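To find a chain, count down the sequence lines: A is the first, B the second, and so on, and within it residues start at 1. These numbers were taken from a predicted model, which means no experiment stands behind them.
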Amino acid sequence: MTLAQLLEGGVHDVAAAIIGWTLCVDGVGGRIVEVEAYAEDDPASHAFAGPTARNASMFGPPGHLYVYRSYGIHWCANVVCERPGRGAGVLLRALEPTHGLERMRLRRGVTDDRLLCSGPGRLTQALGLTGADDGADLFQPPFELIPPLAPAVVERTVRLGISRAVDQPWRYLEAGSSWPSRRRRAA
DNA sequence: CTTTCGATGATCT
DNA sequence: GATCATCGAAAGG
């Protein structure tokens, strides 16, 4: 099954399967190690109340980006999933930096590589993604998606930073990754 | 180490 | 007017 076919499927299947893929923009990026799924009937999703000017690209074709402004300051990027009209997406929350490290350090203004892509706002800044990329097709340059050498081992937790549907385990991470947006807290 | 809080503006009620 | 799929600095232990 190709990635394009996969992206037409359910957003939770996509979230699990996209872990381990490498996303690059103009040769800069890394391995996807953390995402969150936002489904059509999900109270925490921007698409929950139906199409608006902001979330229009979530209802567009899968494999495109939905980029929105967060807290008036940051950009956050989703991979649109399911068929056009469905309104589902996978929020990119963390990458393991692998390509163009120096470029990312400059954009982020940090020297600690753990702070390059470990968070949805950090990730977009490191890759240079902004509202101008809303609706962009990930299967066209400057974007590049590279499959993992072997399927990633994926684990789930509750999503972060939301106030609705807080108990749903719809945050997907590569097990054992040392690049998540937040470290596991002590039990 | 952990918790709190300000920034900053679009979006929606 | 309130909320917000965040981040980083500051304050507290």
Side-chain angles (χ1 to χ4, degrees), chain A residues 7 10-16 18-19 23 30 32-60 62-82 86-97 104-136 138 154-174 177-187:
Chain A
L7 287 167
V11 66
H12 292 101
D13 292 336
V14 176
I18 205 170
I19 298 293
L23 171 65
I32 298 170
V33 297
E34 176 183 344
V35 301
E36 285 175 359
Y38 287 90
E40 168 135 65
D41 59 351
D42 174 359
S45 172
H46 289 174
F48 183 63
T52 66
R54 173 175 68 164
N55 67 21
S57 54
M58 273 188 101
F59 291 86
H64 289 234
L65 282 176
Y66 163 49
V67 184
Y68 70 94
R69 182 80 91 167
S70 174
Y71 289 88
I73 302 171
H74 305 99
W75 297 104
C76 293
N78 294 247
V79 177
V80 175
C81 302
E82 306 189 0
R86 281 287 296 166
V90 167
L91 171 69
L92 298 171
R93 285 200 57 96
L95 307 181
E96 174 182 343
M104 290 196 274
R105 293 184 190 111
L106 284 170
R107 284 174 174 156
R108 290 277 300 122
V110 299
T111 53
D112 183 346
D113 289 349
R114 287 172 300 186
L115 299 178
L116 287 181
C117 301
S118 57
R122 293 167 176 167
L123 176 163
T124 54
Q125 186 179 34
L127 270 54
L129 295 173
T130 71
D133 298 292
D134 184 41
L138 290 173
V154 177
E155 61 184 14
R156 302 199 300 176
T157 75
V158 295
R159 296 175 292 183
L160 307 178
I162 57 173
S163 59
R164 297 153 77 164
V166 295
D167 294 328
Q168 299 296 342
W170 291 340
R171 173 183 182 226
Y172 295 76
L173 304 101
E174 174 164 38
S177 173
S178 51
W179 304 93
S181 63
R182 297 190 201 175
R183 296 274 181 168
R184 177 201 289 246
R185 298 201 47 181

Can you measure [X] atom [atom1] to [N] atom [atom2] for me and round it to whole angstrom units?
X	N	atom1	atom2	value
A/Arg159	C/dT6	CZ	P	11 Å
A/Glu36	C/dT6	CD	P	7 Å
A/Tyr172	C/dA5	OH	P	19 Å
A/Arg54	B/dC12	CZ	C1'	8 Å
A/Trp75	B/dG9	CH2	C1'	10 Å
A/Arg182	C/dA5	CZ	P	13 Å
A/Asp134	C/dA5	CG	C1'	15 Å
A/Ile73	C/dC7	CD1	C1'	7 Å

| request: Have a look at A/Leu123 and tell me which of A/Leu91, A/Ile32, A/Leu92 forms a side-chain contact (heavy atoms from CB on, under 4.5 Å) with it. | output: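 When A/Leu91, A/Ile32, A/Leu92 are each tested with A/Leu123, the side-chain contact (heavy atoms from CB on, under 4.5 Å) holds only for A/Leu92.
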
| field | Matching residue for A/Ile162 among A/Leu160, A/Val166, A/Val158 - test: side-chain contact (heavy atoms from CB on, under 4.5 Å) | value |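 So the option named by the test is A/Val166.
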
| said: If you assign A/Gly72 and A/Leu123 each to the DNA chain C nucleotide with the nearest heavy atom, which residue ends up on the more 5' nucleotide? | reply: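 Closest to the 5' end, via its nearest nucleotide, is A/Gly72.
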
What's the shortest heavy-atom distance between [X] and [Y], and which atoms?
X	Y	answer
A/Trp75	A/Leu129	CD1-O, 3.8 Å
A/Asp133	A/Leu65	O-CB, 3.7 Å
A/Val80	A/Gly60	CG1-O, 3.7 Å
A/Leu7	A/Val79	CD2-CG1, 3.8 Å
A/Asn55	A/Gly50	ND2-O, 3.0 Å

| remark: Readout for nucleotides 8-13 of chain C: B = base within 4.0 Å of protein heavy atom, S = sugar-phosphate only, - = neither; 5' to 3' it is S-----

| said: Working note: A/Gln125 + A/Arg108, criterion side chain to side chain donor-acceptor pair (under 3.5 Å); need CA distance, chi angles, decisive distance, verdict. | reply: CA-CA 6 Å; A/Gln125 186 179 34; A/Arg108 290 277 300 122; 2.6 Å; yes

| said: Counting only side-chain heavy atoms from C-beta out, which of C/dT6, B/dA7, C/dA5 sits nearest to A/His74? | reply: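 Minimum distance to the A/His74 side chain belongs to C/dT6.
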
| said: Quick check for you: among C/dC4, C/dA5, B/dC12, whose closest atom lies nearest to any side-chain atom of A/Tyr71? | reply: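 Between C/dC4, C/dA5, B/dC12, the one nearest the side chain of A/Tyr71 would be C/dC4.
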
| message | Please check: side-chain N/O of A/Glu96 versus main-chain N/O of A/Ser177, any donor-acceptor pairing under 3.5 Å? | response |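 No, the answer is negative, given that no donor and acceptor are paired below the 3.5 Å cut-off.
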
| query | Within the side chain of A/Arg164, is there an N or O that forms a donor-acceptor pair under 3.5 Å with the backbone of A/Pro43? | reply |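 Yes, because the side chain of A/Arg164 sits within donor-acceptor range (under 3.5 Å) of the backbone of A/Pro43.
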
| query | Pick one: which of A/Asp112, A/Asp113, A/Thr111 meets side chain to side chain donor-acceptor pair (under 3.5 Å) with A/Arg105? | reply |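 One option only clears the test, and that one is A/Asp113.
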
| query | Given Watson-Crick or G-U pairs with both distances under 3.5 Å, what dot-bracket string fits DNA chain B, with | for other-strand pairs and [ ] for crossing? | reply | |||||||.||||.

| Among residues 162-169 of chain A, which residues get a heavy atom nearer than 4.0 Å to DNA chain C? |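 Within this stretch, A/Ile162, A/Ser163 sit under 4.0 Å of the strand.
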
| message | Need one value for A/Arg69: base, sugar-phosphate or nothing, where a base atom within 4.0 Å counts as base even if backbone is also close, heavy atoms only. | response |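 No contact.
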
| So A/Asn78 and A/Tyr68, side chain to side chain contact (heavy atoms under 4.5 Å, CB included) or not? Walk me through it. | CA-CA 9 Å; A/Asn78 294 247; A/Tyr68 70 94; 3.8 Å; yes

| Separation between the P atoms of C/dA2 and B/dG6, rounded to whole Å |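 The same atom, P, in both gives a distance of 16 Å.
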
| query | Between A/Arg93 and C/dT6, is there a side-chain N or O to OP1/OP2 distance below 4.0 Å? | reply |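 The answer is yes; a side-chain N or O of A/Arg93 sits under 4.0 Å from OP1 or OP2.
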
